[in-house]
Enquirer: 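What follows is a structure written as structure tokens; I'll ask about it next.
Computed from a predicted model, the values in this text were never measured in an experiment.
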Amino acid sequence: MPKALVNGEEIEFDPGMTVLQVCELAGEEIPRFCYHERLEIAGNCRMCLVEIKGGPPKPAASCAMPAGEGMDIWTNTPMVKKAREGVMEFLLINHPLDCPICDQGGECDLQDQAMFYGRGENRYDENKRAVKDKYMGPLIKTHMTRCIHCTRCVRFMDDVAGVAQLGATGRGENMEVGTFIEQGLTSELSGNIIDLCPVGALTSKPYAFKARSWELTKTYSVDVLDAVGSNIRVDSRGNEVMRILPGLNEDVNEEWISDKVRFSYDGLKAQRLDRPYLRKKGKLQPVSWDEAMAEVVRRLKKADPKKIGGIVGDQADAESMFLLKALFDGLKSPNLDCRQDGMVLDGKVRAHHLFNTTIGGIEEADALLIIGANPRKEAAVLNARIRKRSLKGNFPVAVIGEAADLTYPAKNLGQSLKILEEFTAGKHEFAKLLKKAKNPMVILGSAALNRTDSLAILAKVVTLCEKLGVVGKGWNGFNVLHHAASRVAGLELGLVPGRGGKDVAQMLKLSEGGDMDVMFLLGADEVPVDRMKKAFVIYQGSHGDVGAANADVILPGAAYTEKYGTYLNTEGRLQRTRRAVFPPGEAKDDVEILLLLLTQLEIHSGVANLSDIRERLGAISSAFSVQGEIAKAIWQPYDGKVGAVKEGAVGSFVANFYQTCPITRASRTMARCVDELVDGNRHLQEKEAA
């Protein structure tokens with residue numbers, strides 16, 4: 001390995017590293033504004049200047065200079081100090097003096113570096129320039145006079161998000177960063193440019209003037225609005241979530257989160273269920289917990305076990321699902337299903353319902369076939385990882401499904417799944433390409449697993465993966481992309497109909513005919529509850545959404561920011577949420593509600609608290625053993641009845657990225673995104689076309 005001197009200390013480094021990276025290996029802090037580890041190098045700000053003895057007789061921009069064997073690098077000489085002071089002085093020449101009202105205050109790189117590397121005085125007495133603010137949609141608030149032209153936002157939109165809607169116009173002092181047309185940013189990852197901006201030029205519009213960073217309590221948790229399991233930081237003040245920021249996890253989301261995760265937090269306090277309700281004389285009326293629980297217990301004891309059904313929603317934690325299964329086992333009812341969308345996976349073979357390649361493993365793949373999925377809408381952060389791999393080259397991508405802009409080149413093979421016959425036979429051109437690839441990948445989406453012929457589709461895809469070498473020694477390229485955060489844990493715990501049990505579709509049909517006495521909904525809002533009017537509906541959840549509106553008893557539960565919960569993401573990675581705030585009013589933690597219900601029904605579950613439940617979860621499956629890890633899934637050929645794949649187009653499971661669950665539907669910010677970015681841009685395009 002090559003070696004270089006940093007302030008007289010010899011450092012070994014990998015070939016291709018920059019001088020800045022070598023300095024960081026030596027433990028030296030190099031100031032920077034434009035440089036970011038995950039973006040292309042620009043060399044705009046010149047703040048990272050260092051002196052290289054025996055090299056050029058002037059300071060060198062360390063972010064853009066490759067390190068070489070024997071370099072003598074100095075970061076603290078008088079030349080470097082004077083150069084950095086000069087750069088900082090020029091940066092501050094036109095920067096406005098509005099720190100007291102700037103939302104970046106307390107988190108501003110310019111403030112921090114001006115303190116450490118600035119001159120401490122100003123010699124400029126001319127008028128400062130002013131730049132008109134740009135419109136970037138309902139999420140990004142702009143103060144472009146503060147912009148220092150680092151172009152981090154431009155490079156992020158180009159490189160990571162893959163939506164080239166930002167750029168720079170003009171030169172020198174007249175340079176301005178903005179959109180080329182008056183249209184909001186349509187990327188699902190646009191909010192990340194707020195974090196990237198080193199000054200207060202780009203801030204959060206929903207969070208504007210709400211709080212200062214030092215007032216907030218920071219809680220590291222996990223997002224459950226999709227199945228990626230992005231790591232997040234929940235910032236709260238009192239009992240209110242003020243904002244959500246990304247947490248660092250190289251294996252899952254790196255340091256990005258989607259706009260839905262970042263900005264839908266206002267939905268956590270809207271349309272909340274804060275006390276129990278009981279339907280009396282056709283109307284829901286507030287009651288005490290004792291009265292609500294007494295009615296639930298009475299109905300469950302009275303009902304025929306074969307006519308009691310349970311449906312689990314998309315954001316339920318593993319602890320709650322464990323207790324719900326214990327409840328149904330105690331009632332001797334086999335009618336329990338965690339697949340509220342009708343998915344056919346039964347969980348018997350773990351490798352058949354996981355993202356086996358892992359999200360980080362995408363970067364090792366060299367060919368990809370997507371079937372019945374739109375990763376950009378269903379898992380925006382995972383889609384960014386696919387784009388990252390695509391930018392490296394030699395990564396052909398094909399899609400069987402709806403034609404859509406995935407932010408990377410992808411060949412659409414049509415929407416008919418009949419083409420899978422050609423793939424299984426190895427006759428299709430892309431099938432031959434997959435067979436030649438060293439690490440080929442297949443992503444099977446929820447849209448393909450929610451059809452009447454889903455078992456046949458699953459069997460075909462599993463078979464073609466074996467025949468084309470997608471699954472082989474040391475590599476498993478078969479992947480299921482889930483959309484529900486609770487799905488993998490639900491399948492792991494066996495929350496599927498038992499012997500003689502009914503699935504969601506069958507329970508709904510029986511309910512319509514009056515053949516179901518009681519339906520228990522654990523946060524299930526994506527099912528047509530109006531079909532259950534002849535049954536007694538118990539709804540346990542956090543929001544007054546579809547499920548609650550049609551329920552006979554409402555048991556108010558906690559949202560994901562209000563409880564300690566265990567989740568398995570689409571890879572099967574064990575992660576846990578942490579309580580940032582408490583549930584509102586009289587609402588309780590879901591685990592607390594179910595433990596109380598089990599006690600009153602005199603059903604012995606063998607657990608008394610969260611620790612007991614987690615211990616039992618680890619005993620049930622190794623998937624619940626080690627936090628942050630993925631338990632090994634053993635591959636098996638598909639064993640079951642296989643029918644024929646039917647004609648009919650397959651699309652994407654998520655039609656509207658911004659509104660996919662009760663939290664996002666309750667969010668005013670997400671509603672504005674639909675109005676301005678979806679409907680508004682559609683109307684603009686139609687107007688331009690006309």
Enquirer: Determine whether a donor-acceptor pair (N or O, by modelled atom type, separation under 3.5 Å) exists between the side chain of His543 and the backbone of Gly267.
Expert: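 Indeed, once roles are kept as given, a pair shorter than 3.5 Å links the two residues.
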Enquirer: Could you go through residues 551-559 and list every donor-acceptor pair under 3.5 Å that involves a side-chain atom there, pairing it with any protein atom two or more places apart or in another chain?
Expert:
residue, atom, partner, partner atom, Å
Asp552, OD2, Val537, N, 2.8

Enquirer: Considering residues at least two apart in sequence or located in another chain, which fulfil the ring pair (Phe, Tyr, Trp, His ring centres under 6.0 Å) criterion with Tyr265?
Expert: none
Enquirer: What donor-acceptor contacts under 3.5 angstrom involve side-chain atoms of residues 588-596, with partners at least two apart or in another chain?
Expert:
residue, atom, partner, partner atom, Å
Asp589, OD1, Val591, N, 2.9
Asp590, OD1, Gln540, NE2, 3.0
Asp590, OD2, Lys563, NZ, 2.9

Enquirer: Would you find a donor on one side and an acceptor on the other, under 3.5 Å apart, between the side chain of Asn335 and the backbone of Ile308?
Expert: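 Present.
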Enquirer: Hey, does the side chain of Ser486 reach the backbone of Asp314 with a donor-acceptor pair shorter than 3.5 angstrom?
Expert: yes
Enquirer: Return yes when atom CD of Glu615 has more than 12 non-hydrogen atoms of other residues, nucleotides or ligands closer than 6.0 Å, and no otherwise.
Expert: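 For Glu615, atom CD is not crowded (no more than 12 foreign heavy atoms under 6.0 Å).
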Enquirer: Before accepting this row, confirm whether a basic side-chain N of the pair Glu526/Arg665 lies closer than 4.0 Å to the acidic partner's carboxylate O.
Expert: yes
Enquirer: Answer yes or no on whether Lys260 is positioned over the face of Tyr658, meaning its NZ or CZ is under 6.0 Å from the six-membered ring centre and within 45° of the axis.
Expert: no
Enquirer: Has Arg212 got more than 12 heavy atoms of other residues, nucleotides or ligands less than 6.0 Å from its CZ?
Expert: yes
Enquirer: Are Arg243 and Tyr207 in a cation-pi contact, defined as NZ or CZ under 6.0 Å from the six-membered ring centre and within 45° of the axis?
Expert: yes
Enquirer: Going by distance alone, is a donor N or O of one side chain under 3.5 Å from an acceptor N or O of the other, for Tyr539 and Asp525?
Expert: yes
